[in-house]
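Quick notes on the structure that follows.
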Amino acid sequence: MWQSLPEFGTGVLYAILIAAAYTFAVALASSTGRPRLLQAARLGAYGTVALVGLSVLVLAFAFVSHDFRISYVARYSDRSMTTPYLVAALWGGQDGSLLWWLFLTSGFTAGCVVWLRRKYLALQPFVIATLMTIIGFFAILMIFAANPFATSAGGAPVDGQGLNYQLRNFYMIIHPPSLYVGFTSSAIPFAFAIAALATGRLDNEWIVATRKWMLFAWLFLSIGNALGMLWAYEELGWGGYWAWDPVENAAFLPWLTASAYVHSTMIQERRGMLKVWNVFLICATFFLTIFGTFLTRSGLISSVHSFAQSGIGIFFVWYMGVIAATSLGLIVYRLPKLRSDGVFESVLSRETAFVLNNWGLLSLTIFIATATTWPRISEWLLNQESTLGPTFYNTWIPPLALVIFFLMGAAPLLGWRKTSPELFLKSFRWPVAVMLVVGVLHLALGKRVGYPAFYDAAPIYEGTLGRVLAWTSGKLPFITVMLVAFNITVVVQEFYRGVAARQRSKSGEGLFSSLFNLVAKSRRRYGGYVVHVGIALMFLGFTGRSWGVDKELSMSPGESAQVEYYDIKYLGTRMEVDNEKRAIFADLEVTRQGKPIGRVTPAKFIYKTGADQPSTEVAKHMTIRDDLYVIVGMVNPTTKVAAFQFHVNPLVNFIWIGVGILILGAMLSMWPDVALEEAGAFGYIRAAASVATSVIFALLLAGGPSLAYGGTNGSRAPPAPTIEAPSPAPALGAALAPAK
């Protein structure tokens, strides 16, 4: 087994499984109160993590040394690839992505064990044991179904097949790891929840322990989804950033339940309520990360993002069954200890708003999960195939998303326990006034500036239901703009009140000093408000699609066309050839309202290794008002007549601005306190993660979207989209996150 690199890698996988099983057994044995066994379990966890790290190093070495005896290396690399892409190929396919998942899980396991030290001694054995079961599952999966070190029966080829050119771009390097960090870090809160249920220690102790771990997971789920949106928008060439693809939905689902938890945990900490709900949300979030991985890799649902079909689906089915049975069984067993200490005293209270918000998020989760799996449900139950496309989601989801959006703004205005009529009027006065003023301005001026308040939506069903849904969709842009104004005003008012209160109590303190000290003393609260501003701006960006324009044209060299307020002249094509591909560029000269703004150059890349699948390289002219997004289709080699798709996407850059603000708010909330007890391992993890995410996203926003077209390695062009009249803000349903 140890005579060659592939055999050595496989042997390490077996060693991981043995080490995880040993650590699991010792951790459970230490729960009887034997500190030496607990120390042995901690050392066993470190050993298991070290073995996982070794397995990743072995596979990475196989890639950089071009060891094509390993079939995974041969399928996803070749000798022409640069080192960054060779490393990224680790997670470019199914087998390697599972090993990368295991590596990240083990990294968080090590961080958690270091952070625990002598804290939560009663919970530690079950936390470590639970984490070992997760590591053990992925080790079993790779040993028996998806071994990244498996060899080819025909021997090693001279060169590999190479990484798919769709994946040879900057987003491949940063998007999957970011999303995987969000997925895998949710294992830590799950382990604490299981430990609390197993030990019966269900007071606020475990909630405090998991709060910032869950916020960390939520932050990276947000970043991963946002990067997926950017990847789709920059590279995939379909004119948008969100298509309700099953794999996109799978990444969105755990974000929704994690969002619900980071709100409801405040109620348990403050009022001792929603204990069952919080345990359920943590378990559901972890379950949905496994469910999303199952959808991506099992072949159950067809998706352009999913990996090839394989036999690993049954392993995930059994594992999801174990997670669900264990979680629900422990919750039922501990129901007497999960009774709430407090009661709801008034409908007009912050607790009620949070609960309604959580029910909205859970309803959205159930709806999207059901719609995503509907093709298989209908096949099993109705014996017929059916598919639910983007139009279905875009019609049904936005109304529920806007209810959640309103509750997000209303909750901070309500008091705990109950809100007096005087406080209610005082709190809502300015946000409602600003909302109404913005609504009136939108009605009066919206059409004049290109953003009409209402539009006529086409019914997707016949009869009364179709007409009601179409009428509702036509009013959503107006409602959304008003709610954006409402939410932002709420945040401004909360900051103003806090600063004013400090200046009254701290005479002589300056405005900026008061603001800094206010946020420093309540980072979690005011960081959350900053997150709300980011989400509000994202809603505004999503709504911009309601006013978008899509047009398909065939043009000859020298011919001009008008798309909205853009005048576009087609100058002709040119070809460039290198060792990998032929690149056909179409040069277009763009004028906006009589003012020249330069050229855009969409392209087709035809690779020697994939001539039957030319990649589409989009070109964009970006402003804060809109993007002109251009795709070139077929080009006649004789006449140079080219087919173009033009998309004018209003307000789309508010999405990326909003995501940046959301990340800033999340980093503010999780930044460690300046105190000795916070200078531990997790404090450094949070600080480092905050800095890393800010740098990555700043580079992304500064560099990626500014390209005239996508990366030098493109993406397979999807089928041409159906061109419709302005449609109901397609991403309003995704307004709570998105991506691949």
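Counting begins at 1 with the first residue of the sequence. The model shown is predicted, which means the values in this text are computed figures rather than measured ones.
Side-chain atoms of T285 and T257 include a donor-acceptor pair closer than 3.5 Å. A donor-acceptor contact closer than 3.5 angstrom is absent between the side chains of N278 and T265.
The side chain to side chain contact (heavy atoms under 4.5 Å, CB included) with Y120 is formed by just one residue from the set V127, V208, T199; it is V208.
The six-membered or imidazole ring of Y85 lies away from that of Y76, with a centre-to-centre distance of 6.0 Å or more. Aromatic rings of F192 and W206 (six-membered ring for Trp) have centroids beyond the 6.0 Å cut-off, not under it. For F103 and Y180, the ring centers are positioned 6.0 Å apart or more.
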Do F138 and W101 pass the ring pair (Phe, Tyr, Trp, His ring centres under 6.0 Å) test, and can you show the C-alpha distance, the side-chain angles, and the key distance before you say yes or no? CA-CA 8 Å; F138 280 95; W101 184 295; 5.6 Å; yes
Output, in order, the C-alpha distance, side-chain angles, deciding distance and verdict of ring pair (Phe, Tyr, Trp, His ring centres under 6.0 Å) for F216 and F108. CA-CA 11 Å; F216 180 93; F108 286 115; 5.5 Å; yes
Steps toward side chain to side chain contact (heavy atoms under 4.5 Å, CB included) verdict (C112, W213): CA-CA 9 Å; C112 178; W213 282 104; 4.2 Å; yes
Evaluate the ring pair (Phe, Tyr, Trp, His ring centres under 6.0 Å) criterion for residues F61 and F8: first the C-alpha distance (whole Å), next the side-chain angles of each, then the deciding distance (0.1 Å), finally the verdict. CA-CA 12 Å; F61 177 77; F8 180 77; over 10 Å; no
Report the C-alpha distance between S77 and Y72 in whole Å, list the side-chain angles of each, state the deciding distance to 0.1 Å, and finish with yes or no for side chain to side chain donor-acceptor pair (under 3.5 Å). CA-CA 8 Å; S77 71; Y72 181 76; over 6 Å; no
Trace of the side chain to side chain contact (heavy atoms under 4.5 Å, CB included) decision for I368 with L256: CA-CA 10 Å; I368 294 173; L256 292 171; 4.2 Å; yes
Under the side chain to side chain contact (heavy atoms under 4.5 Å, CB included) rule, what do H263 and N358 come out as? Steps first, then yes or no, please. CA-CA 8 Å; H263 287 86; N358 278 6; 4.2 Å; yes
Begin with the C-alpha distance, continue with both residues' side-chain angles, and end with the deciding distance and a verdict on side chain to side chain contact (heavy atoms under 4.5 Å, CB included) for V181 and L104. CA-CA 7 Å; V181 166; L104 292 175; 4.1 Å; yes
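Distance check: T372 OG1 to F367 CZ gives 9.5 Å after rounding to the nearest 0.5 Å. Taken to the nearest 0.5 Å, the OG1 atom of T289 stands 8.0 Å off from the CD1 atom of I134. Within the model, atoms CG of L281 and CZ of F287 stand 14.5 Å from one another, a figure rounded to the nearest 0.5 Å. Here the CD1 atom belonging to I16 is positioned 6.0 Å from the CE atom belonging to M142, to the nearest 0.5 angstrom. Separation of atoms CD1 (I323) and CD1 (I290) is listed at 5.0 Å; rounding is to 0.5 Å. For the atom pair CG of L5 and CG of D67, the computed distance is 5.0 Å after rounding to the nearest 0.5 Å.
Contact record, A20 with I135: CB-CG2, 4.3 Å, taken as the closest heavy-atom pair. Considering all non-hydrogen atoms of both residues, R211 and E269 come closest at NH1-OE1, 3.0 Å. The two atoms that bring W115 and A209 nearest to each other are CH2-O, 3.4 Å, heavy atoms only. I128 approaches A41 most closely through the heavy-atom pair CG2-O, 4.2 Å. Contact record, Q161 with R75: CB-O, 3.7 Å, taken as the closest heavy-atom pair. Of all non-hydrogen atoms in V114 and R117, the two that sit nearest each other are O-CG, 2.8 Å.
Ionic pairing of K337 and D203 is not present here: no N-O contact between side-chain nitrogen and carboxylate oxygen is shorter than 4.0 angstrom.
Although no hydrogens or angles enter the test, the distance criterion places a donor-acceptor pair under 3.5 Å between the side chain of D78 and the main chain of M81. Between the side chain of Q124 and the backbone N or O of L38, no donor-acceptor pair lies under 3.5 Å. A donor-acceptor contact shorter than 3.5 Å links the side chain of S71 to the backbone of A150. Put simply, the side chain of E248 gets close to the backbone of D245: a donor and an acceptor are under 3.5 Å apart. Checking side-chain atoms of T23 against main-chain N and O of G44 turns up a donor-acceptor pair under 3.5 Å. Judged by distance alone, with hydrogens and angles left aside, the side-chain atoms of R201 form no donor-acceptor pair with the main-chain N or O of A196 at under 3.5 Å. Without hydrogens or angle criteria, S327 side chain to A324 main chain gives no donor-acceptor distance under 3.5 Å.
A heavy-atom distance below 4.5 Å is not found between the side chains of L288 and W255. The shortest side-chain heavy-atom distance between S31 and F126 falls under the 4.5 Å cut-off. Inter-residue side-chain proximity for L17 and I143 is flagged as met; some heavy-atom pair is nearer than 4.5 Å.
Note on ring orientation: taking the six-membered ring where Trp is involved, the planes of W91 and W100 are tilted (angle from 30° to 60°).
Pairs passing the side-chain hydrogen bond (donor to acceptor under 3.5 Å, both in side chains) check and including a residue from residues 144-156, sequence neighbours excluded, read T10-N147.
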